Amino acid sequence: MNKFIQLDSHANKHIKPILVEASSQNNSFDVQQWRRYIEQEIGFVLPDVQLQWLINAIDHTASSYGLTPKNLWHRLPKNDEMRQQLLDNVLIHESRFFRYIPSINFVTECAAQHQRLRLAAINTDDSAERNSDELFRIWSVGCASGQEVWSLAMSLISKQLKNYTILGTDISHRAIKRAQLGHYDQRQQSLIPDSCQQFIQPLCANSAIRKPSFCDSTITKEMIASNQAHWQIAPSLKQYVSFVLHNIIEQKPPTPHLQNVIICQNMLLYFRKFDQRDILARLSEQCALGGYIILAPGEALFWRPSNMRRIAHPQVNVWQKINA
């Protein structure tokens, strides 16, 4: 997920304008104006403790184009590349493998049950064979650099489950590219259970250059070095996974397919409550009948949708779609 510190929805209600001097450009600007811009673009509300991070992101983005923050502000509406770079610099791409194992175990069991039912239908009804290729679809919302997606893929295939597909989406272009690349450092490797270590392999120094088929040509040796990558996801997993740039506050979904499981953990708390409701409503629309939406424990406890019911689970905050 792209992480920020939790914020009360009324925290910014009476904030006075703050003029801050950008470090390298010596150009004063209203940081509240920039904070409102970020909320308008992606819905995230930056708390006061993140203002310096925001200032640094603005300053860094402006400097990379040889601009002052003021000039950057005027160019953003007409330059999608600048806008995306600013968002990439503002967002903190924090994630880790197998971060919340109860959720991963729940999804794995759902996929296993889906496969058992599908095989049973094939065995009892010849016509069901025509639909035997129906995929178990999983959507990881706010996937950051891909660790949650790859954790799910490892967990499912370790249980001999292959009839699935996982979509990871994020607003950060930089995070999506890293997720597609699937290169990670030794600290991340230590988080992967022994049963899933078989799905990773050592990283060759020039592998990103020699094997560009799964990653964008803009991925370079410098990006690998900056990530201190030491290993990569095994190619055998990549057929089950895709990553797409997507802004969750937009109306248009990232895929036309309804999902059996939608995972949206530790992201909603960075939005105002009315935005959370809108996001949850869109997610429920993309959830297949009988499918599940998984939130972080304690997240969106105010939610009372008429088409979903909360499942009694001791460790997972999970909702099931009961009607369209």
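Position 1 is the first residue of the sequence; numbering continues from there. Bear in mind the structure is a predicted one, so any value in this text is a computation, not a measurement.
Separating the CZ atom in R36 from the CG atom in L46 is a distance of 12.5 Å, to the nearest 0.5 Å. If you take OH on Y184 and CZ on R178, they are separated by 10.5 Å, rounding to the nearest 0.5 Å. Annotation: the span from C264 atom SG to E148 atom CD amounts to 9.0 Å, rounded to 0.5 Å.
Between R35 and D48 there is a salt bridge, since at least one side-chain N of the basic residue sits less than 4.0 Å from a carboxylate O of the acidic one. With salt bridges taken as basic N to acidic carboxylate O contacts below 4.0 Å, one links E39 and R272.
Of all heavy-atom pairs spanning I171 and L91, the tightest one is CG2-CD1, 3.2 Å. Of all heavy-atom pairs between A153 and L237, the closest is O-CD2, 4.0 Å. The two atoms that bring G146 and F243 nearest to each other are CA-CE2, 3.9 Å, heavy atoms only. Among all heavy-atom pairs drawn from I42 and F271, the shortest one is O-CE2, 3.1 Å. Minimum interatomic distance between A234 and Q201 (heavy atoms only, all atoms of both residues): CA-OE1, 4.2 Å. Between G43 and I249 the shortest heavy-atom distance is N-CD1, 3.7 Å.
T61 and Q85 form no side-chain donor-acceptor contact under 3.5 Å, judged by distance and modelled atom types alone. Side-chain contact of T169 with W139: a donor-acceptor pair under 3.5 Å is present, judged by distance alone.
Using modelled atom types, no side-chain atom of K321 and backbone atom of A288 make a donor-acceptor pair closer than 3.5 Å. No donor-acceptor pair under 3.5 Å is formed between the side chain of Q52 and the backbone N or O of V49. Not a single donor-acceptor pair under 3.5 Å links the side chain of D185 to the backbone N or O of A229. Under the 3.5 Å distance criterion, the side-chain polar atoms of H246 are matched with a main-chain donor or acceptor of K252. Side-chain atoms of N163 come within 3.5 Å of backbone N or O of E134 as a donor-acceptor pair. Using a distance-only test at 3.5 Å, with no hydrogens or angles considered, a donor-acceptor pair links the side chain of E299 to the main chain of L268. In this structure a side-chain-to-backbone donor-acceptor pair under 3.5 Å is present from Q320 to G290.
Every residue meeting the side-chain hydrogen bond (donor to acceptor under 3.5 Å, both in side chains) condition with D88, not counting sequence neighbours, appears here in chain and number order: Q84, S172. Among residues two or more places apart in sequence or in another chain, the salt bridge (charged side-chain N to carboxylate O under 4.0 Å, His left out) test is passed with R304 by none. The side chain to side chain contact (heavy atoms under 4.5 Å, CB included) search around T165 returns L135, R137, not counting sequence neighbours. Checked against side chain to side chain contact (heavy atoms under 4.5 Å, CB included), I200 has the following partners two or more places apart in sequence or in another chain: M154, Q189, I192, Q197, W231. Residues passing the salt bridge (charged side-chain N to carboxylate O under 4.0 Å, His left out) test with R83 are E41, sequence neighbours excluded.
Proximity of I38 to L87: side-chain heavy atoms (C-beta onward) are separated by under 4.5 Å at one or more points. Two residues are said to be in side-chain contact when any heavy atoms from C-beta on lie closer than 4.5 Å; I58 and L86 meet this criterion. Counting only heavy atoms from C-beta outward, the side chains of P254 and I248 never approach each other to under 4.5 Å. Between P305 and L280 the shortest side-chain heavy-atom distance does not fall below 4.5 Å. Contact annotation: the side chain of W150 approaches that of F97 to within less than 4.5 Å [non-hydrogen atoms, C-beta and beyond]. Put simply, the side chain of I262 does not reach to within 4.5 Å of the side chain of I294, judged on heavy atoms.
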Which pairs of donor and acceptor atoms, one on a side chain in residues 102-114, lie under 3.5 Å apart (sequence neighbours left out)?
from : atom 1 : to   : atom 2 : distance (Å)
S103 : OG     : Q265 : OE1    : 2.7
T108 : OG1    : I104 : O      : 2.8
T108 : OG1    : S155 : OG     : 2.6
E109 : OE2    : R116 : NH2    : 2.9

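Considering N260, L152, L167 as possible partners of I138, the one that fulfils the side chain to side chain contact (heavy atoms under 4.5 Å, CB included) test is L152.
Relative ring orientation between Y240 and Y164 is described as parallel, the plane-to-plane angle staying below 30° on a 0-90° scale split at 30° and 60°.
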Assess whether ring pair (Phe, Tyr, Trp, His ring centres under 6.0 Å) is satisfied between Y37 and W73, documenting all intermediate values.
-> CA-CA 10 Å; Y37 174 80; W73 173 264; 5.7 Å; yes
